[in-house]
Amino acid sequence: MSQSIKRIAVLTSGGDAPGLNGVIRALVKSAVLDHGWEVFGIEDGFEGLIGTPRVRKLGLSDVRGLLGRGGTILGSTNKGNFGTKIVDGTLQRNDAVYEEFKQRTHELGIDAVVVLGGDGSQSISQDLFSIGVPVVGVPKTIDNDLVGTDQTFGFDTALGVATDALDRLHTTAESHDRLMVLEVMGRHAGWIALHAGLAGGADAILIPEIPYDLQVVADKVRKRDQVGSLFSIVVVAEGAMPAGGAATYQREGLLGGIGVAVAAELGQLTGKDSRAVVLGHLQRGGSPTPLDRILASRYGVGAVWAISQGRFGQLVALQNDLLTTVPLHECANRVKQVPVDGQLVRTARSLGIVFGDPATPPADTTATAA
Ligand code: F6P
């Protein structure tokens with residue numbers, strides 16, 4: 001199969017994640033050193049092949065020093081022209097840009113396209129594959145919510161930033177007997193909030209998977225006060241919502257503001273001085289952790305391996321610490337949520353962390369997988 005491959009291309013799509021450059025570096029190295037292929041970088045996501053193509057050749061010297069660099073040297077856009085729009089009440093996509101993308105790959109002699117992207121981007125990959133573009137996906141998002149893979153690159157770095165923030169909030173909260181609320185990213189899944197809450201010793205974790213009642217959190221805060229722990233730390237995922245309520249948006253399509261709302265309400269319920277901190281894009285920026293650098297390297301090499309095997313229409317995935325591939329259509333446009341009765345949630349409950357729901361299942365942390 002690999003004999004027919006001469007030139008491959010790579011693009012980065014959607015929100016950036018620490019490790020993107022590490023994947024590009026590994027992909028170029030493996031493509032050149034293992035196979036002698038040529039690599040083109042497509043700029044600004046899928047948009048880079050629309051209109052005048054924005055592509056550049058990536059050789060070994062172009063990827064030198066990229067392993068620890070945050071962001072993406074190729075630039076990224078969200079779905080742009082490739083997104084679906086509601087026309088006359090139905091969801092429609094602009095087929096012409098998909099055909100244009102395919103046509104450009106032919107003109108440029110590109111034998112395979114590697115897409116570094118999250119669930120939305122991989123649904124575009126799947127649609128491109130369905131019209132004949134040889135695509136391989138690589139799972140990217142700090143949210144760690146992609147179906148089919150155990151871990152996305154970028155998550156560990158975001159987790160480190162969030163945990164560091166919680167450590168810092170602890171010392172200032174304790175100094176002032178305050179209630180501190182940290183809002184972290186996580187649109188539909190609370191992986192960052194859950195992991196950071198555990199690693200950073202939070203008293204309450206609010207995630208999209210478990211609708212909350214702030215009375216439960218307020219009770220927890222009061223109990224802490226009664227035993228002399230006069231400060232409390234709450235971590236809330238941006239997509240968390242009250243039971244029977246909805247998520248909080250800054251403006252249409254842009255989540256945000258839940259931290260401030262939770263801090264204000266908890267302040268009223270408990271009478272405590274409360275503050276909110278929104279961590280935002282600090283979680284996405286900067287240098288990847290060692291774990292994310294290794295993961296990025298594995299995914300980059302894995303993408304080249306997948307191409308050499310002709311595994312198009314597939315997502316490179318990490319399962320039980322082994323790289324494999326899974327069909328894109330099984331992962332695209334789906335979200336891997338935190339299992340509400342999983343081992344991690346149970347562990348947190350056993351540590352006295354509340355999730356804002358009244359339920360307190362038995363503390364058998366071994367009963368179900370995380
Ligand atoms: O998908 C990752 C993510 O970080 C989400 O958690 C967040 O809602 C979103 O990106 C924000 O992206 P942007 O500000 O780039 O639109």
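Computation of the quantities below employed the complete heavy-atom set of this structure, encompassing side-chain atoms and omitting hydrogens, waters and symmetry-equivalent molecules. Each residue takes its place number in the sequence, starting with 1. Ligands are counted one by one from 1 in listed order, and the atoms in each one are counted from 1 as well.
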- Task: Indicate the ring-plane relationship of H195 and W191, choosing parallel, tilted or perpendicular according to the 30° and 60° boundaries.
- Result: tilted
- For ligand 1, is there an N or O atom under 3.5 Å from any N or O atom of N78? no
- Item | Any donor-acceptor pair under 3.5 Å from D143 side chain to M185 backbone | no
- D62/R56 ion pair, N-O < 4.0 Å: no
- Option whose closest heavy atom lies nearest to atom 7 (C) of ligand 1, chosen from R284, Q283, E238: E238
- Message: I need the nearest protein heavy-atom contact for atom 14 (O) of ligand 1: residue, atom name and distance, please.
- Response: H281 NE2, 2.7 Å
- Identity and distance of the protein heavy atom lying nearest atom 1 (O) of ligand 1: R187 NH2, 2.6 Å
- Message: Run the salt bridge (charged side-chain N to carboxylate O under 4.0 Å, His left out) test against R104 and tell me which residues pass, sequence neighbours left out.
- Response: E100, E107
- Subset of ligand 1 atoms that lie under 4.0 Å from at least one heavy atom of G186: 6 (O)
- Task: If you have a sec, work out which protein heavy atom is nearest atom 4 (O) of ligand 1 and how many Å separate them, to one decimal?
- Result: M185 SD, 2.8 Å
- Hey, what else clusters with W305 if you join Ile, Leu, Val, Met, Phe, Trp, Tyr whenever side-chain heavy atoms sit under 4.5 Å? none
- Item | Options D143, D16, D119, ranked by nearest heavy atom to atom 2 (C) of ligand 1, top entry | D143
- Query: Quick one: is the NZ or CZ of R93 closer than 6.0 Å to the six-membered ring centre of F82, and within 45° of its axis?
  - Reply: no
